[in-house]
Amino acid sequence: MRAIRLHARGGPEQLVYEEAPLPAPAAGEALLRVHAAGITPTELTWSETYQAPDGHERLPTIPGHDVSGVVEALGPGVSEVAPDDAVYGLVAFPRDGSAAEYVAVRAADLAPRPRSLDHVHAAAVPLSALTAWQALFIHAGLEAGQRILIHGAAGGVGAFAAQLARWRGARVDATASARHHEFLRELGVETVIDYRTTRFEEVIRDVDVVLDTIGGDTMERSWRVLRRGGTLVSVAAPPPPEPARDAGARGIFFIVEPSRAQLVEIARLIDAGQIRPVLDAVLPLSRAREAFERGLAGHVRGKIVLRVDDPGSLS
Ligand SMILES: NC(=O)c1ccc[n+]([C@@H]2O[C@H](COP(=O)([O-])OP(=O)(O)OC[C@H]3O[C@@H](n4cnc5c(N)ncnc54)[C@H](OP(=O)(O)O)[C@@H]3O)[C@@H](O)[C@H]2O)c1
């Protein structure tokens with residue numbers, strides 16, 4: 001099969017478009033014919049990208065954790081999906097990903113593809129939507145009528161978080177550069193702050209939840225906008241305990257987990273028109289290096305997706 005692989009740790013310069021062995025589905029796994037793969041710009045820096053589940057080095061490695069495709073074959077003991085099912089899912093981190101013509105995925109991590117989406121749009125959903133879902137509803141316990149501040153609201157995670165928070169009935173404020181403000185207002189964000197011209201802590205106060213997709217100085221200044229008893233949930237870095245204690249708030253960091261049940265619920269919301277994926281760019285598999293470079297250059301709006309059913313020829 002054709003695949004994007006890295007033979008050494010590094011950045012987009014290490015990505016090679018080449019022939020790779022076809023994966024074999026193990027017990028509990030499905031082999032998918034990949035139609036589209038979503039990328040996460042930062043994934044080339046994650047240790048899991050180069051590690052097996054037991055922590056041993058895993059090279060060469062295939063990136064891409066979002067997949068939309070069709071079930072081609074099953075390993076033993078699979079009951080969740082059947083051959084020819086159109087599915088989408090989050091490929092677990094310490095294993096080869098979806099930037100390839102085929103990928104083996106734990107069947108329990110797959111769900112039926114949203115009926116209203118094609119493969120390219122479906123591949124923009126799993127990792128970002130699951131991260132947003134788990135941040136808001138599992139970790140922060142966001143409820144109707146509460147206020148949330150979302151940092152990086154135009155990004156892959158942020159755009160789903162803004163929509164899910166609105167669906168839940170929360171009031172949403174957000175930070176983003178000016179080019180995204182109109183887009184975020186269309187998603188239902190009330191106050192959008194240009195982080196490059198305005199210090200958000202001078203505008204926002206007493207929110208119940210902060211979702212931090214940025215970290216660093218953005219996280220440090222976020223304690224000031226939380227009400228006492230509020231929650232800062234970060235997907236960028238673990239919050240240190242001292243400022244949380246001083247602010248009388250909870251600080252949480254987590255790593256997203258695959259969930260078939262949550263993907264089913266997310267598909268239901270998409271098919272009902274309540275939330276939608278946002279595509280920053282679609283490129284053929286052969287141009288994965290350009291896709292990662294684009295993502296790492298910043299200012300992404302939504303997700304970057306690789307089209308794999310028309311992957312481009314090997315040079
Ligand atoms: N823990 C987990 O399980 C998990 C899961 C998914 C992602 N992540 C991490 O979460 C982070 C975000 O991921 P993503 O896929 O959403 O990234 P992304 O798609 O690259 O989006 C980042 C967004 O943040 C905006 N931004 C940059 N600097 C900002 C600042 N100082 N304040 C406010 N907005 C700013 C960018 O555009 P503008 O600058 O134009 O506004 C962009 O829209 C990454 O570090 C990723 O590794 C973690």
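We count ligands from 1, going down the list as the structure has it; atoms in each ligand are counted the same way. When a residue number appears, it is its place in the shown sequence, counting from 1.
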Not counting sequence neighbours, which residues clear side-chain hydrogen bond (donor to acceptor under 3.5 Å, both in side chains) with R294? List them please.
D280
Of the listed options [options], closest to [atom] (non-hydrogen atoms):
| atom | options | result |
| --- | --- | --- |
| atom 25 (C) of ligand 1 | P41, S128, G152 | G152 |
| atom 31 (N) of ligand 1 | Y195, W46, F93 | Y195 |
| atom 35 (C) of ligand 1 | T40, L130, I214, I39 | I214 |

Heavy-atom nearest neighbour in the protein, as seen from [atom], with distance rounded to 0.1 Å:
| atom | answer |
| --- | --- |
| atom 11 (C) of ligand 1 | T213 O, 3.3 Å |
| atom 1 (N) of ligand 1 | F254 O, 2.9 Å |
| atom 45 (O) of ligand 1 | T42 CG2, 4.0 Å |

Of the backbone atoms (N, CA, C, O) and the side-chain heavy atoms from C-beta on, which set of [X] has a member under 4.0 Å from an atom of ligand 1: side chain, backbone, both, or neither?
| X | answer |
| --- | --- |
| K303 | neither |
| V157 | both |
| S177 | both |
| L127 | side chain |
| V256 | both |

Please report whether ligand 1 has a polar contact with [X], defined as an N or O pair separated by less than 3.5 Å (distance criterion only).
| X | value |
| --- | --- |
| R301 | no |
| F253 | no |
| G155 | yes |
| G156 | yes |
| V300 | yes |

Please could you name the atoms of ligand 1 that A154 approaches to less than 4.0 Å, counting only its heavy atoms?
43 (O)
Report, in ascending order of atom number, the atoms of ligand 1 lying under 4.0 Å from any heavy atom of H180.
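By the 4.0 Å cutoff, the relevant atoms are 37 (O), 38 (P), 40 (O), 41 (O).
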Compare all side-chain heavy atoms of R221 with those of R199 and state whether any distance is below 4.5 angstrom.
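They are in side-chain contact.
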Between [X] and [Y], is there a side-chain N and carboxylate O pair less than 4.0 Å apart?
| X | Y | answer |
| --- | --- | --- |
| R58 | D96 | yes |
| R147 | D206 | no |
| E293 | R287 | no |

Mark yes or no for whether [X], through its side chain, and [Y], through its backbone, hold a donor-acceptor pair below 3.5 Å.
| X | Y | result |
| --- | --- | --- |
| Q146 | V209 | no |
| S128 | V125 | no |
| D271 | S116 | yes |

Which class fits the ring pair W46 and H65: parallel under 30°, tilted 30 to 60°, perpendicular over 60°?
parallel
H119 ring center near Y88 ring center (under 6.0 Å)
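Ring centroids of H119 and Y88 are no less than 6.0 Å from each other.
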When H151 is tested against each of T175, T213, T218, D212 for side-chain hydrogen bond (donor to acceptor under 3.5 Å, both in side chains), which residue passes?
T175
